[in-house]
J.: 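Pasting a structure below so you can have a look.
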Amino acid sequence: MSTTAVAEAATPGGSKEEQEALQASIFQRLHPRAYLERFLAEGFRPDGRALDAWREVSVNTGSISTADGSALVRLGNTTVVCGVKAEIAEPELDAGARGFLVPNLDLPAMCSPRFKPGPPSEDAQVLSDRLTEALTSSGVLPLESLCIHPGKAVWVLYVDATCINYDGNAFDATLLAMVAALKNTRLPVATYDETTRRTTCSRKEPRRPLELGRIPVSASFGIFDSNQVLADPTAFEEPLLDTTISVLLNEGSGELISVSQFGLGSASCDALGVCIAQARAQGKRARI
């Protein structure tokens, strides 16, 4: 039975517009790749964007009162909330003046049907590793700035993000949420007493912001059919992509920090150059 016949059977007496909408929905489910190809042939995507267009971004900070810093980020329909919780710990023996930055992303079943209840999925673990690498390689927070007393006490910052609605490109959204939460973080003034060997936090002195370094911004692209570059891919587009490229830039200067590729496919040098150029253009628009 054709998609047209299925649509007519499902909407008896329905208007032509209703039957066409249902027909398109059925075709999208049965033939997702052909569905996307038809849109791209016309120069735009199923959600109406051009190939190089980005979804709208919104950032709200300080919404979690129990956290030391927090942020809520929406990238299109992808929504990520992030909270920073600070604890005091002993430093590692070989790094007595360095604190700890521990990022983590949770992709619960409630955010998308593709994720199941239970232990962290492979997607969540891979994304958490990528986020840790991005924050580390960018030098967003010098770990020495988290030292309270060399060899005795340092801050541990747990940067926990949860995706509450997944519609693709969780890496960019989560990195933005984590950086915004770190910008929002305020720590109490802590001192270590050599006599008692205890660390105390002042309730009288105002909390202090973190000493942030380079601010990383990610721009991710999907490569479809070897040479078509799709900026900010959605959850529908992601399974159809050959590979994904994430370009990490310094927010202030536009300096290229790193380029990472994920997926079994490959990208041509031309496609890679397009991704970097579009990432820099997007970064300039975001700073205006």
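Position 1 is the first residue of the sequence, and the numbers go up from there.
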J.: Are Leu75 and Leu105 co-members of a hydrophobic cluster defined by side-chain heavy atoms under 4.5 Å apart?
T.: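 Looking at the clustering, Leu75 is in a separate group from Leu105.
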J.: Rounded to the nearest 0.5 Å, what separates atom CG in Leu127 from atom CG in Asn104?
T.: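 One gets 10.5 Å once the value is rounded to the nearest 0.5 Å.
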J.: Between Gln228 and Asp225 (side chain of the first, backbone of the second, donor and acceptor by atom type, cut-off under 3.5 Å), is there such a pair?
T.: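 Absent.
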J.: How far apart are the closest heavy atoms of Arg214 and Ser138, and which atoms are they?
T.: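 Shortest heavy-atom contact: NE-O, 2.9 Å.
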J.: Just wondering, do Leu249 and Arg280 contact through their side chains at under 4.5 Å, heavy atoms?
T.: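 Arg280 reaches Leu249 side chain to side chain.
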J.: If two hydrophobic side chains count as joined below 4.5 Å and joins carry through other members, does Ile257 share a cluster with Leu141?
T.: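 Yes, it is one cluster - the side chains of Ile257 and Leu141 are joined through contacts under 4.5 Å.
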J.: Are there more than 12 heavy atoms of other residues, nucleotides or ligands under 6.0 Å from atom CD of Glu194?
T.: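 Yes, CD of Glu194 has more than 12 neighbouring heavy atoms, counting only those of other groups under 6.0 Å.
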J.: Between Leu176 and Val57, is a side-chain contact (heavy atoms from CB on, under 4.5 Å) present by the stated rule, with each step listed?
T.: CA-CA 10 Å; Leu176 182 58; Val57 179; 3.5 Å; yes
J.: Would you give the length of the straight line joining atom CG of Asp106 to atom SG of Cys163, rounded to the nearest 0.5 angstrom?
T.: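 Asp106 CG to Cys163 SG: 9.0 Å, rounded to 0.5 Å.
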J.: Could you check whether the rings of Phe115 and Tyr166 sit parallel, tilted or perpendicular, using 30° and 60° as the cut-offs?
T.: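 Aromatic pair Phe115/Tyr166 classed perpendicular.
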J.: Looking at every heavy atom in both Ser246 and Arg130, which two are closest together, and how far apart are they?
T.: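 Here Ser246 and Arg130 meet closest at OG-NH2, 2.7 Å.
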J.: Within the distance-only criterion (no hydrogens, no angle test), does the side chain of Asp68 pair as donor or acceptor with the backbone N or O of Ala86 below 3.5 angstrom?
T.: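 Confirmed, Asp68 side chain pairs with Ala86 backbone.
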J.: Is a donor from one side chain sitting under 3.5 angstrom from an acceptor on the other, for Asp172 and Ser220?
T.: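 On atom types as modelled, these side chains qualify, holding a pair under 3.5 Å.
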J.: Are the side chains of Glu87 and Tyr158 in touch, meaning some heavy atoms are under 4.5 Å apart?
T.: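 Side-chain contact under 4.5 Å: yes.
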J.: Does Arg33 come within less than 4.0 Å of Glu37, counting only side-chain N to carboxylate O?
T.: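 So Arg33 pairs with Glu37 through a salt bridge.
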J.: So which atom in Pro188 and which in Ser202 form the shortest heavy-atom distance, rounded to 0.1 Å?
T.: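 What the structure gives for the nearest pair is CB-O, 4.1 Å.
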J.: Do Asn169 and Asp232 have a side chain donor and acceptor closer than 3.5 Å?
T.: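 There is such a pair (donor and acceptor under 3.5 Å, judged by atom type) between the side chains of Asn169 and Asp232.
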J.: I'd like to know if Arg208 pairs up with Glu211 as an ion pair, taking the criterion as any Lys NZ or Arg NE/NH1/NH2 lying under 4.0 Å from an Asp or Glu carboxylate oxygen.
T.: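 Judged by the 4.0 Å cut-off on N to carboxylate O distance, Arg208 and Glu211 do not form a salt bridge.
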J.: Provide the closest heavy-atom pair for Thr199 versus Ala153 in the form atom of the first, atom of the second, distance.
T.: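 Answer, listing the atom of Thr199 first, then Ala153: OG1-CB, 3.4 Å.
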J.: Examine Ile88 and Val154 and state if one hydrophobic cluster contains both, with Ile, Leu, Val, Met, Phe, Trp and Tyr joined whenever side-chain heavy atoms are less than 4.5 Å apart.
T.: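 Looking at the clustering, Val154 is in a separate group from Ile88.
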J.: As an exercise, state the distance from CG of Leu157 to CE of Met178, rounded to the nearest 0.5 Å.
T.: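 Going from CG on Leu157 over to CE on Met178, the span is 12.0 Å.
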J.: Check the surroundings of atom CZ in Arg74: do more than 12 heavy atoms from other residues, nucleotides or ligands lie under 6.0 Å from it?
T.: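 No, CZ of Arg74 has 12 or fewer neighbouring heavy atoms, counting only those of other groups under 6.0 Å.
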J.: Would you check if there is a donor-acceptor pair between the side chains of Ser121 and Arg114 at a distance under 3.5 Å?
T.: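 Arg114 vs Ser121: no donor-acceptor pair found between side chains.
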J.: Would you kindly say whether Asn60 and Ser63 are connected by a side-chain donor-acceptor distance under 3.5 Å?
T.: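 The criterion, which ignores hydrogens and geometry beyond distance, is not satisfied for Ser63 and Asn60.
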J.: With heavy-atom distances below 4.5 Å as the criterion, would you say the side chains of Leu51 and Val229 are in contact?
T.: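 A side-chain contact is absent here, since even the closest heavy-atom pair is not under 4.5 Å.
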J.: So, does Arg45 use its side chain to make a donor-acceptor pair with the main chain of Arg49 at under 3.5 Å?
T.: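 No, Arg45 side chain to Arg49 backbone: no donor-acceptor pair under 3.5 Å.
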J.: Going from CG on Leu187 to CG on Leu146, what distance comes out if it is rounded to the nearest 0.5 angstrom?
T.: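 Leu187 CG to Leu146 CG: 7.5 Å, rounded to 0.5 Å.
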J.: Check Pro103 against Leu135 and note the closest heavy-atom contact, atom names and distance.
T.: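 The pair with the smallest heavy-atom distance is CG-CD1, 3.6 Å.
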J.: Between Arg55 and Asp167, does any side-chain N to carboxylate O distance fall below 4.0 Å?
T.: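 Judged by the 4.0 Å cut-off on N to carboxylate O distance, Arg55 and Asp167 do form a salt bridge.
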J.: Under 6.0 Å from the CG atom of Asn77, do we count more than 12 heavy atoms belonging to anything else shown?
T.: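 No - once you tally the heavy atoms of other residues, nucleotides and ligands closer than 6.0 Å, there are 12 at most.
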J.: Starting from Leu182, can I reach Val80 by hopping between I/L/V/M/F/W/Y residues whose side chains sit under 4.5 Å apart?
T.: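 In one cluster: no.
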J.: Is there a continuous path of hydrophobic side-chain contacts, each under 4.5 Å between heavy atoms, that joins Val102 to Val140?
T.: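 In one cluster: no.
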J.: Identify whether the distance between the nearest side-chain nitrogen and carboxylate oxygen of Glu90 and Arg197 falls below 4.0 Å.
T.: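 So Glu90 does not pair with Arg197 through a salt bridge.
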J.: Could you pull out all residues at least two apart from Phe39 that satisfy ring-ring contact (aromatic ring centres under 6.0 Å, His included)?
T.: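 Scan of Phe39 (ring-ring contact (aromatic ring centres under 6.0 Å, His included), adjacent residues dropped) gives Tyr35, Phe44.
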J.: Would you give the length of the straight line joining atom CG of Leu143 to atom CZ of Phe100, rounded to the nearest 0.5 angstrom?
T.: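 One gets 9.0 Å once the value is rounded to the nearest 0.5 Å.
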J.: Looking at Gln125 and Pro120, would you say the former's side chain and the latter's main chain have a donor-acceptor pair under 3.5 Å?
T.: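 Yes.
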J.: Of Phe262, Phe171, Trp54, which meets ring-ring contact (aromatic ring centres under 6.0 Å, His included) against Phe221?
T.: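 Of Phe262, Phe171, Trp54, ring-ring contact (aromatic ring centres under 6.0 Å, His included) with Phe221 is met by Trp54 alone.
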J.: Less than 4.5 Å apart, side chain to side chain, heavy atoms only: is that true for Val247 and Ser218?
T.: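 No - every pair of side-chain heavy atoms lies 4.5 Å or more apart.
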J.: Minimum heavy-atom separation for Ala279 and Ala219, please, with both atom names.
T.: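 Looking at all heavy atoms of both residues, the closest pair is CB-CB, 3.7 Å.
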J.: Nearest 0.5 Å please: distance from the OG1 atom of Thr136 over to the CG atom of Leu101.
T.: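 If we round to the nearest 0.5 Å, Thr136:OG1 and Leu101:CG are 6.5 Å apart.
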J.: Does some side-chain heavy atom of Thr61 sit less than 4.5 Å from a side-chain heavy atom of Ser70?
T.: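 Of all side-chain heavy-atom pairs linking Thr61 with Ser70, none is under 4.5 Å.
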J.: Just wondering, do Asp270 and Asn227 contact through their side chains at under 4.5 Å, heavy atoms?
T.: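 A side-chain contact under 4.5 Å is absent here.
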J.: Can you tell me if CZ on Arg38 sees more than 12 non-hydrogen neighbours from other groups inside 6.0 Å?
T.: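 No, CZ of Arg38 has 12 or fewer neighbouring heavy atoms, counting only those of other groups under 6.0 Å.
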J.: Are the side chains of Thr200 and Thr191 in contact, using a 4.5 Å heavy-atom criterion?
T.: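 They are in contact (side-chain heavy atoms under 4.5 Å apart), so the answer is yes.
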J.: A side-chain contact here means heavy atoms from C-beta on lying under 4.5 Å apart; do Thr174 and Leu131 qualify?
T.: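 Side chain of Thr174 against side chain of Leu131, heavy atoms only: contact under 4.5 Å found.
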